[in-house]
Amino acid sequence: MPIREDVLVVGGGLAAATAALAARETGRSVRLVAHKKSTLRQASGLIDVLGYVDGDGPRADPYGAITDLPDDHPYRIVGEEGVRDGLRLFDDAVGDMYAGGHTDANALVPTYGGTVKPTARYPNSVAPGLASVEEDALFVGFESTTDFSAPVVADHVVAAGVPFEARGVTVPFPIRFRDDARATRFAKALDEDEAADDGRGVRRALAESVGEHLDGEERVGFPAMLGDDHDEEVREELADRLGVSVFEVPTGPPSLLGLKLEDRLFEALDEAGIRLSTGNPAVGYEADGDRIEAVYVDRKGKDVPYHAEQFVLATGGLVGKGIGSDRERVTEPVFDCHVPHPEDRYDWSESAAFGGHAFARFGVVPDEELRPTTASGEPEFANLRAAGGVVGGADVAREKSASGVSLATAAVAGGRAGEEA
Amino acid sequence: MTETPSVLVIGGGSTGCGIVRDLAMRGLDVTLVEKGNLTHGTTGRMHGLLHSGGRYAVSDQPSARECIEENRVLRRIATHCVEMTGGLFVQRPEDDDEYFEQKLQGCRDCGIPAEVLSGDEAREMEPYLAKDVKRAIRVPDGAIDPFRLCVANAADAIDRGARVETHAEVVDVLVEDDEIVGVEVEHGEKAIGIGDGEPGTREKLYADYVVNATGAWAGQIGEMAGVEVAVRPSKGVMTIMNVRQVDTVVNRCRPKGDADIIVPHETTCILGTTDEEVEDPEDYPEEGWEVDLMIDTLSELVPMLSEARTIRSFWGVRPLYEPPGTGTVDPTDITRDFFLLDHADRDGLPGMASIVGGKLTTYRMMAEKISNHVCETLGVEADCRTAEEPLPGSSDFSVLREWMDEFGIRSPVGRRSAQRLGSRTDDVLGRWDGPNPVVCDCEAVTRAEIHDAIDHSGTDLNAVRIRTRSSMGNCQGAFCCHRMANELIHDHDELVVRDSLDELYQERWKGERHALWGEQLSQAMLKHMLHATTMNRDGDPAASDSVIDFAAFDAGEAAPAAAGGATGDDPDRAATDGGTEGENADS
């Protein structure tokens with residue numbers, strides 16, 4: 001029996017999951033085909049919406065900043081309404097795992113690089129660490145963690161002019177692991193309250209060792225490795241023992257906060273009755289005139305067609321390989337949608353490492369319904385829409401808008417796909 | 001003369017480092033000044049070929065003989081800097097048979113071991129060679145790490161009492177009574193180098209003799225002294241691949257041409273090169289067609305290169321020189337031999353000699369000849385011992401054992417460390433107290449090695465990089481630049497950490513720009529996302545002059561309304577944008 005749905009979403013990240021949820025809300029049957037693990041594990045787990053416009057910021061009001069963006073920016077296409085709809089879908093999907101929805105204002109979150117960064121939604125464990133909270137903070141790092149240096153983070157946060165004092169201390173983790181043990185290993189030990197080297201429970205041992213360094217601070221921040229399945233419990237126990245609030249600082253890969261978000265999103269897909277096919281790449285399609293009939297997925301060397309009425313392309317940007325390139329061209333590999341780019345590849349980037357690189361904005365050009373368009377501005381296909389990193393026109397890294405662009409475009413693309421299926 | 005004669009060497013490349021070691025071993029009072037870090041100029045920008053001499057066996061046999069002789073010396077005194085990969089001169093069907101025979105005969109005439117392999121035999125050694133490769137000559141080419149080599153020379157000189165000042169740029173050559181008596185240097189603004197110089201100050205350094213070992217920059221130093229040194233800088237591109245497509249040095253066997261060599265180097269391969277004269281050794285175009293030429297031409301020898309991933313490209317400038325009046329037009333034809341210009345004989349200005357031309361493989365021999373000249377001029381009688389005494393790290397290879405238990409690090413990591421550190425392994429890893437996690441995963445560099453490099457080269461992370469190879473692998477520092485910087489916090493404040501990180505990050509970016517397509521563009525975007533998106537390093541409020549109104553931002557759900565508790569319509573929420581938000585809102 002052929003595989004057939006009303007809406008087929010191609011991709012496995014934040015945009016794909018949100019597009020599938022948006023389409024499902026319209027009552028249609030929805031399937032998501034994902035190839036590899038999503039890039040969420042590389043992301044911090046924060047949901048940025050918009051923090052800077054052309055280098056100007058941090059902006060406190062992300063919605064007010066939208067109108068300052070260039071006309072071809074995805075936010076200008078979906079409008080404030082689209083952005084809010086994306087966040088609504090996100091809030092519904094993650095429930096009480098995240099905070100930030102009580103206000104339109106951005107929060108400033110200390111990152112593991114020591115900078116503060118504007119973001120719209122943050123995991124609960126991050127909330128007590130916000131830079132606008134006027135409580136002194138002690139940052140704690142572990143001796144063998146090279147990514148996170150507590151003294152660097154604390155001094156850097158202070159250098160940003162935060163309204164509190166901060167110090168950083170480095171302590172040995174109470175269990176001596178191999179020197180290059182990953183964050184996941186620390187998290188597991190805390191999750192299961194394994195025995196520390198001196199026989200005490202590791203949570204107690206950690207709290208006692210950190211407690212010796214507390215000097216009036218009202219909160220203590222750790223790199224985000226405080227447990228996995230039992231993270232709330234770990235944090236509560238540490239807070240109880242220390243007598244102050246405890247927070248996590250989002251980290252780079254492997255990002256536990258990103259992984260937890262990924263797990264939660266896939267649970268939400270399951271709860272919504274969305275079908276999932278994972279592990280195989282989309283390699284091509286079948287079309288009848290300007291309508292796509294099916295997407296082909298390579299399953300063990302065999303092309304298997306997935307039929308649908310409407311399709312959403314959410315394969316990601318350059319990192320997720322939704323956008324590809326060679327020495328001459330930038331391409332969208334599944335449907336070969338048009339991706340504009342400067343002819344000379346030396347114009348794809350700027351000489352300053354953090355310049356306004358053209359490559360950061362590479363992606364398909366959406367019309368007002370988020371359908372990818374040809375070079376002459378016509379929709380590539382009548383029933384294909386794009387969401388997330390594969391959509392061009394936003395410099396999500398400089399703007400701190402990556403998650404927001406994914407959510408907003410997914411809400412609109414998924415919603416329209418559902419309505420028209 | 002009652003006092004120990006003093007010599008000042010300008011230039012921290014292979015020649016300068018070789019001279020300073022040689023003279024220090026002969027007991028002279030030597031100072032080396034370098035405007036960047038060691039290997040900052042040409043030495044750090046070459047393909048890392050340890051010549052067998054085969055490349056010069058037809059065109060320049062004296063150079064070929066010197067190469068094979070020094071090739072053997074370096075394998076003895078610098079074991080930890082050399083990887084004896086072996087080399088091939090590969091002939092394609094369209095390449096000239098007669099030249100192949102000349103090459104073979106030339107090698108034999110110069111005492112270079114040379115063996116002819118059939119196409120099949122060559123492909124057995126290097127499976128990715130093109131199917132139609134006709135035959136090859138096998139020679140003892142190798143790979144050499146110029147960074148480690150210079151550092152070892154400088155370290156040994158310092159141990160023997162020499163002074164080495166990096167980030168100290170010569171701003172004037174001091175002439176008194178028609179004689180050169182020293183130089184004036186300007187120490188860099190920040191204390192990032194090694195040496196005793198006070199940052200941001202000028203210092204006059206007097207010496208009995210000055211050696212201008214600045215290569216392509218020799219003309220600029222000459223100008224300060226009022227003498228002409230007509231160096232002809234010639235640029236060449238090198239493109240780094242992500243893996244070792246070949247394990248042997250692969251040369252194209254034809255008279256001359258661009259893009260004719262692949263050198264396996266550590267975890268990568270380096271494609272080279274071009275030869276084009278430039279005006280200014282520090283300001284010349286670096287262009288995409290040069291990178292394309294490397295890939296397209298060398299794909300004729302190793303076809304898989306056309307689809308392979310490159311991680312960056314860089315350019316170097318050869319300090320070519322020929323005596324006035326020679327008039328060679330094509331820089332490819334200019335001799336690779338070196339010249340010692342004694343300005344007393346040549347210009348009637350005693351006190352200084354300039355060294356120009358030459359190549360890395362024969363750096364020690366050049367240093368020896370120059371040191372002989374210096375000693376002769378100063379009336380010092382001392383023999384050169386640099387060909388006999390191993391460089392630090394090279395003396396004892398029993399250290400190459402299993403490091404896993406010894407230092408608590410996984411054995412592949414330990415092996416890589418031991419290869420880099422040689423006999424200093426015990427010293428660096430064994431002395432380290434505390435956890436020793438891996439800082440750079442691509443190149444397997446541990447914290448102990450980073451700290452050893454910081455101890456020797458200061459807060460200049462680019463100097464740490466060249467000592468350790470940290471941030472030089474596939475990810476080009478995406479995952480380790482900030483880790484390297486974090487290690488500085490033990491002895492420096494946070495601003496130093498931040499500045500050092502920014503400098504390293506920008507330096508990495510310079511070369512990455514030449515590899516931005518396909519897999520490496522994807523990698524570059526990931527790096528950009530980690531550093532700009534996740535860490536907000538591009539928008540860092542701490543680095544900005546404007547003051548943030550923290551109260552305008554969300555302070556959490558429990559916070560009072562003033563700190564972000566209100567919803568969207570608060571007109572005072574514009575933060576640091578100085579009102580532009582309001583102005584632009586209606587436009």
Side-chain angles (χ1 to χ4, degrees), chain A residues 42-44 52 56-61 63-65 67-68 99-100 102-108 111 113 115-117 127 130-133 143-144 146-147 149 151-152 155-156 159-163 179-180 252 317-319 321 325-327 345-346 348-349 353-354 359-360 397-398 400 402, chain B residues 288 292 408-409 434-439 447 482-483 486 489 493-494 497-498 505-506 509 513 516-518 521-522 525-526 528-530 532-542 547-548 550-557 559 563-568 573-577 580-581 584-585:
Chain A
Q42 290 161 342
S44 62
Y52 295 79
D56 170 38
R59 307 280 286 249
D61 176 11
Y63 301 101
T67 46
D68 299 341
H102 61 279
T103 174
D104 276 357
N106 273 327
L108 289 171
T111 73
T115 51
V116 295
K117 166 176 116 143
L130 298 187
S132 298
V133 174
E143 278 180 351
S144 60
T146 52
D147 260 327
S149 164
V152 171
D155 291 354
H156 197 158
V162 293
D179 281 349
D180 47 1
L318 286 167
V319 178
K321 311 281 165 67
S325 63
D326 58 26
R327 280 189 270 163
R345 69 170 187 264
Y346 281 78
W348 297 359
S349 62
F354 289 123
F359 73 77
R398 292 181 89 212
K400 320 303 153 188
Chain B
D292 290 339
I409 50 181
N436 187 26
V438 173
V439 173
R447 175 181 279 165
H482 53 289
R483 295 178 185 165
N486 279 346
I489 195 71
D493 64 29
E494 186 271 327
V497 174
R498 210 191 306 160
Y505 195 83
Q506 181 62 42
W509 178 245
R513 285 194 71 209
L516 289 187
W517 67 86
L521 180 57
S522 174
M525 188 66 192
L526 174 61
H528 192 51
M529 295 290 273
L530 288 176
T533 308
T534 306
M535 283 192 258
N536 194 23
R537 286 187 42 223
D538 61 323
D540 184 3
V547 178
I548 299 181
F550 282 89
F553 290 83
D554 176 13
E557 207 157 0
T567 47
R573 194 158 286 125
T576 59
D577 49 17
T580 55
E581 186 176 335
N584 292 347

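Quick note: numbers below take in every heavy atom, side chains included, and nothing from hydrogens, waters or symmetry partners. Order of the sequence lines fixes the chain letters, A, B, ..., with proteins taken first and strands second; residue numbering starts at 1 for each chain.
Interface summary for chain B: among D155(A), V162(A), V152(A), the most heavy-atom pairs under 4.5 angstrom belong to V152(A). Chain B forms more heavy-atom pairs under 4.5 Å with one residue of S144(A), A353(A), A107(A) than with any other, namely A353(A). Put simply, of A99(A), A131(A), A402(A), P151(A), the one with the most heavy-atom pairs under 4.5 Å next to chain B is A131(A). For the set G113(A), S44(A), A160(A), the entry with the most heavy-atom pairs within less than 4.5 Å of chain B is A160(A).
Between the T115(A) side chain and the M535(B) main chain, a donor and an acceptor come within less than 3.5 Å of each other. The closest donor-acceptor contact from the side chain of K400(A) to the backbone of A532(B) lies under 3.5 Å. Checking side-chain atoms of R513(B) against main-chain N and O of Y346(A) turns up a donor-acceptor pair under 3.5 Å.
A distance of 10.0 Å separates CD of E557(B) from OG1 of T103(A), quoted to the nearest 0.5 Å. The OG atom of S325(A) sits 9.5 Å away from atom CH2 of W517(B), with the distance rounded to the nearest 0.5 Å.
Minimum interatomic distance between L130(A) and A555(B) (heavy atoms only, all atoms of both residues): CD1-C, 3.8 Å. Smallest separation of non-hydrogen atoms from P163(A) and F550(B): CD-CG, 3.7 Å. Taking every heavy atom of both residues into account, D147(A) and N486(B) meet most closely at O-ND2, 3.5 Å. The heavy-atom pair separating R345(A) from G288(B) by the smallest distance is NH2-O, 3.5 Å. Between A552(B) and A105(A), the shortest heavy-atom distance links the atoms O-CB, 3.8 Å. In this structure, E494(B) and A159(A) approach most closely via the heavy-atom pair OE1-CB, 4.2 Å.
With a 4.5 Å cut-off on side-chain heavy atoms, H528(B) and F354(A) count as touching. In this structure, the side chains of R398(A) and T533(B) stay at 4.5 Å or more apart for every pair of heavy atoms. Here the side chains of D554(B) and H102(A) are in contact, with some heavy-atom distance below 4.5 Å. At least one side-chain heavy atom of D540(B) sits under 4.5 Å from a side-chain heavy atom of H156(A). A 4.5 Å side-chain heavy-atom check between S522(B) and K321(A) finds at least one atom pair inside the cut-off.
Applying the side chain to side chain contact (heavy atoms under 4.5 Å, CB included) test between L318(A) and each of L526(B), L516(B), L521(B) identifies L521(B) as the sole match. Of the options N106(A), D61(A), V116(A), a side chain to side chain contact (heavy atoms under 4.5 Å, CB included) to F553(B) is made by N106(A) and by none of the others.
Not counting sequence neighbours, the partners of W509(B) by the ring pair (Phe, Tyr, Trp, His ring centres under 6.0 Å) test are H357(A).
Side-chain contact check for N536(B) and Y52(A): at least one donor-acceptor pair (N or O, by modelled atom type) lies under 3.5 Å.
For D292(B), the parts sitting under 4.5 Å from any heavy atom of chain A are the backbone and the side chain alike. With a 4.5 Å cut-off on non-hydrogen atoms, A360(A) touches chain B through its backbone and its side chain both.
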Pair L108(A)-I548(B), side chain to side chain contact (heavy atoms under 4.5 Å, CB included): steps then yes or no:
CA-CA 10 Å; L108(A) 289 171; I548(B) 299 181; 3.9 Å; yes
